[in-house]
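Scroll down for the structure; my scribbles are underneath it.
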Amino acid sequence: MKSLPEEPEKPLRDDCCGGGSCCPCIWDVYYEKLAKWKEAKREFEQLNNKEKVSVKTGD
């Protein structure tokens with residue numbers, strides 16, 4: 001992975017109908033995308049930290 005994808009945009013309060021019958025709810029979709037983004041961010045940061053260490057040590 002060369003670059004970190006953009007963080008998902010948080011829905012506005014008015015984007016949700018509040019009825020509880022939508023499947024999936026816009027908030028369910030957002031939190032699923034956010035979890036995937038956080039995992040991608042963690043992997044991206046780990047990869048970048050390894051590259052920095054490699055450059056410093058010359059490995």
Side-chain angles (χ1 to χ4, degrees):
M1 182 182 343
K2 293 183 180 183
S3 64
L4 181 63
E6 285 190 38
E7 183 175 358
E9 189 173 326
K10 187 174 184 177
L12 300 174
R13 293 183 81 200
D14 293 341
D15 290 341
C16 177
C17 70
S21 63
C22 298
C23 188
C25 174
I26 192 166
W27 288 103
D28 295 332
V29 173
Y30 168 71
Y31 287 122
E32 183 178 323
K33 288 180 179 180
L34 184 62
K36 289 179 182 178
W37 178 81
K38 285 180 178 182
E39 180 61 28
K41 181 181 177 190
R42 198 170 14 260
E43 290 173 6
F44 179 78
E45 289 172 347
Q46 287 176 347
L47 180 62
N48 280 342
N49 287 339
K50 286 181 183 178
E51 288 177 1
K52 288 177 184 178
V53 169
S54 179
V55 169
K56 285 181 182 180
T57 62
D59 292 340

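Keep in mind the model is a prediction, meaning the values are calculated, not measured.
- Partners of Glu7 according to the salt bridge (Lys or Arg N to Asp or Glu O under 4.0 Å) rule, which considers only residues two or more places apart in sequence or in another chain, do not exist here.
- Atom-to-atom distance recorded for Arg42:CZ and Leu4:CG is 12.0 Å, nearest 0.5 angstrom.
- Considering all non-hydrogen atoms of both residues, Trp37 and Pro5 come closest at NE1-O, 2.9 Å.
- The shortest distance between side-chain heavy atoms of Asn48 and Phe44 falls below 4.5 Å.
- Rounding to the nearest 0.5 Å gives a distance of 13.5 Å between CH2 of Trp27 and SG of Cys22.
- A donor-acceptor pair is defined here as one N or O able to donate and one able to accept, closer than 3.5 Å; no such pair exists between the side chain of Asp15 and the backbone of Pro11.
- Rounded to the nearest 0.5 angstrom, Asp28 CG and Cys23 SG are separated by 7.5 Å.
- Distance check: Glu39 CD to Leu34 CG gives 12.0 Å after rounding to the nearest 0.5 Å.
- Partners of Lys33 under the side-chain contact (heavy atoms from CB on, under 4.5 Å) rule, at least two apart in sequence or in another chain, are Pro8, Val29.
- Take Lys36 and apply the salt bridge (Lys or Arg N to Asp or Glu O under 4.0 Å) test, not counting sequence neighbours, and it matches Glu32.
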